Number of protein chains: 4
Amino acid sequence: MGTQRQRLPPTVRVGQILDAALQEFSIAGYAGTRMDDIALRAGLSKGGLYAHFSSKEQVFEALLARHLCPPRLDAHALVAGSSTPRHLAERLVNHLYASLANPAMIATMRLLLAESGRVPHLARRWRQDTADAHQNDIAQLLRLARERGLCGDGVALRHPWLLLSPVVHAIFMAILVGADERINLPERREAHVALICALL
Amino acid sequence: MGTQRQRLPPTVRVGQILDAALQEFSIAGYAGTRMDDIALRAGLSKGGLYAHFSSKEQVFEALLARHLCPPRLDAHALVAGSSTPRHLAERLVNHLYASLANPAMIATMRLLLAESGRVPHLARRWRQDTADAHQNDIAQLLRLARERGLCGDGVALRHPWLLLSPVVHAIFMAILVGADERINLPERREAHVALICALL
Amino acid sequence: MGTQRQRLPPTVRVGQILDAALQEFSIAGYAGTRMDDIALRAGLSKGGLYAHFSSKEQVFEALLARHLCPPRLDAHALVAGSSTPRHLAERLVNHLYASLANPAMIATMRLLLAESGRVPHLARRWRQDTADAHQNDIAQLLRLARERGLCGDGVALRHPWLLLSPVVHAIFMAILVGADERINLPERREAHVALICALL
Amino acid sequence: MGTQRQRLPPTVRVGQILDAALQEFSIAGYAGTRMDDIALRAGLSKGGLYAHFSSKEQVFEALLARHLCPPRLDAHALVAGSSTPRHLAERLVNHLYASLANPAMIATMRLLLAESGRVPHLARRWRQDTADAHQNDIAQLLRLARERGLCGDGVALRHPWLLLSPVVHAIFMAILVGADERINLPERREAHVALICALL
DNA sequence: TATGAATGAGGCTTCATTCAT
DNA sequence: AATGAATGAAGCCTCATTCAT
């Protein structure tokens, strides 16, 4: 009967499925997405999906797990390679906005926000594994920079998360309007560098 | 049978329904909320709901419309009543965090983020009616402060939205963890004041 | 609150309601018509309707009862006033098509067909009170015409209902296409007269 | 649980469903029939129905489409094979009443009449594809019969539809009383033959 | 009599999941 | 591993009927 689709190695199939799931979930949310939608976009049938994941919930959790571990900051390398405060600020900003260029990250973030009520354990895990870790990285970076004389005793030392606020702000807007051109990323990055310099 | 038949004026009922809808939608998102849930919490029957709203979608839109218009900033009054830059910063921060004390606003904001993919027109309207308006208010505030000698030629003049970033950051975290104590609002406000002072 | 509508004498109201009911029922059938539709068209509220009829079923039966008694044929007068077979045929045709000019009759007929499964007792009553009666009238007419020498021993004498077939055919088409101009009534009447003449 | 899971090829299932739908719709009309009824009679679940038809409306339309194309008349064969006018009339009547023996056709016709207000496009299509076509067939038949000397210049030549009226009349009554014995089909056929002979 | 909010049963449709093939 | 028909539990919405005003 129906066209016999390709039989692919499991790893490849799972990747395709999670890609499809991310797109569908982030358009319509968890409850609003149908297994058919995911299957269709992944290029197999609903039944085929269940050969790889035993439930919708499992697809969802596998999905968040894959995307919620952005690259950690290498504070030592960053400080060591920076000659001036402004240079350090620029390199830090480069790192922070790298993830904004990744639509998958924005989509996952929106999903996490949308479904945090339904899967609080995932939200908590993200906060601990990612948000707190990032903040600690920044704090360590500032200590190293202070030791090297790259900064003074500004507010940032006491409240390192302030340095993250503009990028969180940008992510917030990207989630809301769809990460399109209306965010004016270059301007935001420039302003962010200036803010960091002012706070160091 | 059943509960007493409470006959209320439409205005009152609509208020009750939107209150109930906010709570339910916040817990489970749009697709995850049932009209029965809303009706039950609002104290009438599912059928009764439809005497006031013709669809679930309409309830949702009315809900967002009600909460997404936070009070505008009175730039003149704020500048006029401030003697020092720090004083101005404190008063501005007071204003900005006022909405954070309103759980309904946080809940509505989370809903808007979560469902922005489904109702892009509402997201766009919010951006124009609220986000852009706020930014313009800040810009005007800075011009006035500059005239009065309350600030210099800092980054803020060119990128007024930087002054908003920490509060957006706070809202973001509040959405994610549920606006509970883990946000440490007093500390965030103090840091925010310091940031503004540094940027003025 | 809502505009207080006029309080009319019951007889008038009932008439308005049945007029409205006929229109609505014949558009959508019994189950497809809502009490609201009838009330709206009758110019009062759903609640007001229930002041005059205690159920939808009762409205329906009152409606059919009102329209399913078309005027009987006066065979004596018809024959007495006719000088030639053609003249008689013309007068008979005039009588038969009089009801076709009444949209209410077409609508009621359609209703009866549509709902005959649901209210077989009404269908049976119509057959006896109306269809059979008409046939008998025609039979009597033919006997009288035969006595007066206005017709011979044609088929019609043995099968009087044949004289009705063309008008039933026309009603059938009118029900199906909505009694509009596409029926070409004048042509049908002329043909009908010719048919009767041929059969007498 | 429940019934055995019967997995059938779509074509078979669709046939079963339409058979079931015809019975149910005929009993209660469109609005009065529930998808559960159709599913139950077709031997699958309500949900299973939706694997083959995407809505109740679609079931209804497919149903009418299936039964509203009665066999066309082969005018040439009919005329060629007839030796006398009466013989021709008898063969024509045989053809016309063939469909009356098919209860499915009567039921479908009743449905079309009952719901013509709701689906005017189907009524129009039936008129064009079936009614008009039949009339043209009769007209052609008469022309051929005229050429062969099987008939004269009667009314029928100018109004061929007159020859159809008695069968439409019979269908009408069959719809109204349920196609049972009360129609007296043999008598009607005989009368019809006589009528045709009189009009040729 | 009349209004219209309210009820509650019921219908249409959707969709996660199962399973014969 | 894959397909897609089938199931069954919900969910949205409708509407005849009731009743406080």
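The structure presented is a predicted model; accordingly, all values stated were derived computationally and were not measured. In what follows, chains carry the letters A, B, and so on, assigned in the order in which the sequence lines appear, proteins first and then strands, with residues in each chain numbered from 1.
- Listed by chain and residue number, D:L18, D:H52, D:F53 satisfy the side-chain contact (heavy atoms from CB on, under 4.5 Å) test with D:V14 (two or more places apart in sequence, or in another chain).
- Evaluation of the side-chain hydrogen bond (donor to acceptor under 3.5 Å, both in side chains) rule for C:S54 yields C:Q58 as partners, not counting sequence neighbours.
- Sequence neighbours left out, the pairs with a member in residues 47-64 of chain B that pass salt bridge (Lys or Arg N to Asp or Glu O under 4.0 Å) are B:E57-B:R118.
- In this entry the distance linking CG of B:L49 with P of E:dA6 reads 10 Å, nearest Å.
- Evaluation of the side-chain contact (heavy atoms from CB on, under 4.5 Å) rule for D:R41 yields D:A20, D:Q23, D:E24, D:I27 as partners, not counting sequence neighbours.
- Remark: A:A51 engages no residue in a side-chain contact (heavy atoms from CB on, under 4.5 Å) (not counting sequence neighbours).
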Dump every N/O contact between nucleotides 17-21 of chain E and the protein below 3.5 Å, one line per pair.
{"unit_1": "E:dT17", "atom_1": "OP2", "unit_2": "A:Y50", "atom_2": "OH", "d": "2.9"}
{"unit_1": "E:dT17", "atom_1": "OP2", "unit_2": "A:K56", "atom_2": "N", "d": "3.0"}
{"unit_1": "E:dT17", "atom_1": "O4", "unit_2": "A:K46", "atom_2": "NZ", "d": "2.9"}
{"unit_1": "E:dT18", "atom_1": "O2", "unit_2": "D:R5", "atom_2": "NH1", "d": "2.6"}

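- A straight line from CG of A:D37 to P of E:dT14 spans 12 Å, rounded to a whole angstrom.
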Checklist outcome for this item: Dot-bracket assigned to DNA chain E with the 3.5 Å Watson-Crick/G-U criterion, [ ] for crossing and | for other-strand pairs, is .||||||||||||||||||||
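- The minimum heavy-atom distance linking A:L22 with A:A107 is given by the pair CD1-CB, 3.8 Å.
- Comparing B:H52 and A:R34 by the nucleotide of DNA chain E whose heavy atom lies nearest to each, the residue mapping closer to the 5' end is B:H52.
- The distance between atom CZ of B:F53 and atom P of F:dC12, rounded to the nearest whole Å, is 15 Å.
- Mapping D:R13 and C:A31 onto DNA chain F by nearest heavy atom places D:R13 closer to the 5' end of the strand.
- Counting only residues at least two apart or in different chains, salt bridge (Lys or Arg N to Asp or Glu O under 4.0 Å) contacts with residues 7-23 of chain B comprise B:D19-B:R66.
- Sorted by residue number, the list of members of residues 14-22 of chain B with any non-hydrogen atom under 4.0 Å from DNA chain E is empty.
- By the side-chain hydrogen bond (donor to acceptor under 3.5 Å, both in side chains) test, B:R34 is found to be paired with B:D37, residues two or more places apart in sequence or in another chain being considered.
- The CD atom of D:Q6 sits 16 Å away from the C1' atom of F:dG4 (whole-angstrom rounding).
- D:L40 has its CG atom 11 Å from the P atom of F:dT7, to the nearest Å.
- On the P atoms, E:dT1 is 22 Å away from F:dT21, given to the nearest whole Å.
- Interatomic distance, CZ of D:R127 versus CG of D:L122, reported as 15.5 Å (0.5 Å rounding).
- Every residue two or more places apart in sequence or in another chain that forms a side-chain contact (heavy atoms from CB on, under 4.5 Å) with D:A28 is listed here: D:T33.
- For D:Y30, the ring-ring contact (aromatic ring centres under 6.0 Å, His included) test picks out D:F25, D:F60, with sequence neighbours left out.
- At whole-Å resolution of the value, CZ in B:F60 and C1' in F:dC12 are 17 Å apart.
- At whole-Å resolution of the value, CG in B:L8 and C1' in E:dT7 are 15 Å apart.
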